[in-house]
Amino acid sequence: MKQRPIYDYPIDEIIQKRWSPRAYAPTPLSDEQVLTLLEAARWAASCMNTQPWRFIWAHNDGSEKYQKLLSCLVEGNQAWAKQAPVLIMALANLPKGGGFCNQWAAYDLGLAIGNLTTQASLMDLYVHNMAGFSEEKVRELFEIDAQLKPVIMLTVGHPGDASLLSDFNQQRELKVQERKPLEELILF
Ligand SMILES: Cc1cc2nc3c(=O)[nH]c(=O)nc-3n(C[C@H](O)[C@H](O)[C@H](O)COP(=O)(O)O)c2cc1C
């Protein structure tokens with residue numbers, strides 16, 4: 001069991017329980033579970049309600065779509081992410097003429113992934129964000145429109161057996177979450 005950090009203020013349990021695992025149990029998720037997560041993302045706030053979030057997702061079922069998504073990750077991420085039951089690529093829609101709101105699209109997408117992550121915690125699922133992927137490869141393999149920007153790849157699933165990870169990743173897995181002190185973050 002991962003050791004929990006000490007909180008300076010009593011934040012809700014649902015926020016406390018979130019962390020980013022690398023060891024995942026092989027238990028598959030249902031379509032319903034994944035679509036519930038994406039539904040939570042859908043209801044996030046966005047600049048003038050532009051809803052710039054887009055998704056490509058796959059079960060870890062050996063399908064072509066799954067293999068393509070996995071192959072977009074850098075090797076260090078593939079090494080552990082290949083155990084996760086679901087991969088989700090999140091993209092921001094930046095239409096020509098999108099004006100002012102385009103510069104907030106990544107922020108909007110972050111809010112959507114925040115919703116998704118909280119919904120996941122409520123469902124006892126765990127999310128790991130990965131910037132370590134090739135944007136060019138996503139563009140090439142999925143032939144996505146130029147106005148879409150791949151922003152982040154996610155693994156989702158139930159936490160698994162850390163002893164199956166490499167020594168390096170086992171150490172990262174068991175490390176207690178660390179944060180800067182609140183005083184350093186509040187400027188004025
Ligand atoms: C934008 C972003 C990119 C990240 N990219 C990676 C990644 O490529 N590989 C990885 O193993 N973890 C990645 N992470 C996970 C962070 O390292 C992790 O969230 C951070 O160390 C805090 O740990 P916690 O989420 O368990 O609290 C990323 C997280 C974010 C938000």
Side-chain angles (χ1 to χ4, degrees), residues 1-30 32-55 57 73 76-77 80-81 83-92 101 103-133 149-165 168-188:
M1 192 67 180
K2 191 173 167 83
Q3 202 186 323
R4 309 309 299 147
I6 307 231
Y7 304 97
D8 291 349
Y9 291 89
I11 56 172
D12 194 89
E13 205 180 294
I14 209 67
I15 303 201
Q16 289 191 25
K17 82 185 272 199
R18 188 213 63 82
W19 62 285
S20 305
R22 291 187 174 84
Y24 280 97
T27 322
L29 305 194
S30 64
E32 176 86 14
Q33 282 175 302
V34 179
L35 294 175
T36 301
L37 298 176
L38 298 180
E39 175 72 357
R42 186 163 81 97
W43 286 99
S46 61
C47 179
M48 294 173 77
N49 205 19
T50 42
Q51 306 162 62
W53 37 76
R54 302 288 184 272
F55 304 101
W57 74 273
L73 290 171
N77 283 334
W80 56 266
Q83 305 296 345
V86 166
L87 285 176
I88 303 176
M89 175 84 238
L91 309 94
C101 281
Q103 68 185 293
W104 304 108
Y107 180 86
D108 295 339
L109 181 60
L111 291 178
I113 300 303
N115 267 15
L116 180 155
T117 304
T118 305
Q119 181 66 43
S121 294
L122 286 161
M123 294 161 69
D124 257 337
L125 296 171
Y126 288 77
V127 175
H128 197 131
N129 290 266
M130 292 168 290
F133 68 89
K149 179 171 174 58
V151 175
I152 200 87
M153 184 94 89
L154 312 170
T155 49
V156 191
H158 297 279
D161 183 355
S163 70
L164 299 176
L165 294 170
F168 173 64
N169 280 333
Q170 273 185 50
Q171 279 178 23
R172 294 161 102 191
E173 191 80 348
L174 299 174
K175 209 166 152 243
V176 182
Q177 284 169 291
E178 286 172 356
R179 289 300 184 265
K180 293 175 176 143
L182 200 51
E183 307 85 72
E184 205 181 300
L185 308 177
I186 301 172
L187 303 181
F188 296 103

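Predicted model only: the values in this text are computed from it and were never measured. Values reported hereafter were calculated over all heavy atoms of this structure, with side chains retained and with hydrogens, waters and symmetry mates removed.
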Undergrad: State the OH-CG distance between Y9 and L182, to the nearest 0.5 angstrom.
TA: 6.5 Å

Undergrad: Please report the shortest heavy-atom distance between A81 and L73, naming the atom on each side.
TA: CB-CD1, 3.7 Å

Undergrad: Check the pair Y7 / Q16 against side chain to side chain contact (heavy atoms under 4.5 Å, CB included), numbers first and verdict last.
TA: CA-CA 9 Å; Y7 304 97; Q16 289 191 25; 3.3 Å; yes

Undergrad: List for me each residue that meets salt bridge (Lys or Arg N to Asp or Glu O under 4.0 Å) alongside D124, sequence neighbours excluded, and say none if there are none.
TA: K17

Undergrad: Within the distance-only criterion (no hydrogens, no angle test), does the side chain of Q170 pair as donor or acceptor with the backbone N or O of S163 below 3.5 angstrom?
TA: yes

Undergrad: Using the rule given for side-chain hydrogen bond (donor to acceptor under 3.5 Å, both in side chains), can you reason through N169 versus Q171, listing the C-alpha separation, both sets of side-chain angles and the distance that settles it, and then say yes or no?
TA: CA-CA 5 Å; N169 280 333; Q171 279 178 23; over 6 Å; no

Undergrad: Okay, side chain of K2, backbone of K175: is any donor-acceptor separation there less than 3.5 Å?
TA: yes

Undergrad: To the nearest 0.5 angstrom, please state how far the OG1 atom of T36 sits from the CG atom of L29.
TA: 10.5 Å

Undergrad: With rounding to the nearest 0.5 angstrom, report the CD1 to CG distance, I152 to L109.
TA: 8.5 Å

Undergrad: Distance check, rounded to the nearest 0.5 Å: E32 atom CD versus L37 atom CG?
TA: 10.5 Å

Undergrad: Check for a donor-acceptor pair, side chain of Q103 on one end and backbone N or O of C101 on the other, with a separation under 3.5 Å.
TA: no

Undergrad: Heavy-atom distance under 4.5 Å between the side chains of M89 and W57, does that happen here?
TA: no

Undergrad: Within a radius of less than 6.0 Å around CZ of F55, do more than 12 heavy atoms belonging to other residues, nucleotides or ligands occur?
TA: yes

Undergrad: Nearest 0.5 angstrom please: T27 OG1 to Q33 CD, how far?
TA: 9.5 Å

Undergrad: Judged by atom type as modelled, is there a donor-acceptor pair below 3.5 Å linking the side chain of T50 to the main-chain atoms of S46?
TA: no

Undergrad: Going by ring-ring contact (aromatic ring centres under 6.0 Å, His included), name the residues that satisfy it together with W80, two or more places apart in sequence or in a different chain.
TA: H128

Undergrad: Could you walk me through whether Q177 and R4 pass the side chain to side chain contact (heavy atoms under 4.5 Å, CB included) test, one step at a time?
TA: CA-CA 7 Å; Q177 284 169 291; R4 309 309 299 147; 3.1 Å; yes

Undergrad: For Y126 versus P21, what's the shortest heavy-atom pair and its separation?
TA: CB-CG, 3.5 Å

Undergrad: Under a 3.5 Å distance rule, please check whether E173 uses its side chain to pair with a backbone N or O of R22 as donor and acceptor.
TA: yes

Undergrad: Ignoring hydrogens, what is the shortest heavy-atom contact between M130 and L154? Give both atom names and the distance.
TA: CE-C, 4.0 Å

Undergrad: Is Y24 reaching over with its side chain to a backbone N or O of P85, donor-acceptor style, under 3.5 angstrom?
TA: no

Undergrad: Is it the case that over 12 heavy atoms from other parts of the model lie below 6.0 angstrom from the CH2 atom of W104?
TA: no

Undergrad: Let me confirm one number: the OG-CG distance from S20 to N129, rounded to the nearest 0.5 Å.
TA: 6.5 Å

Undergrad: Would V127 and T155 satisfy side chain to side chain contact (heavy atoms under 4.5 Å, CB included), going step by step from the backbone distance to the final call?
TA: CA-CA 6 Å; V127 175; T155 49; over 6 Å; no

Undergrad: Under the side chain to side chain contact (heavy atoms under 4.5 Å, CB included) rule, collect the residues that match up with E183, sequence neighbours excluded.
TA: P181

Undergrad: Go through it in stages, so that I can follow the logic: the residues are W53 and D108, the test is side chain to side chain contact (heavy atoms under 4.5 Å, CB included), and I'd like the CA-CA distance, side-chain angles, deciding distance and then a yes or no.
TA: CA-CA 7 Å; W53 37 76; D108 295 339; 4.0 Å; yes

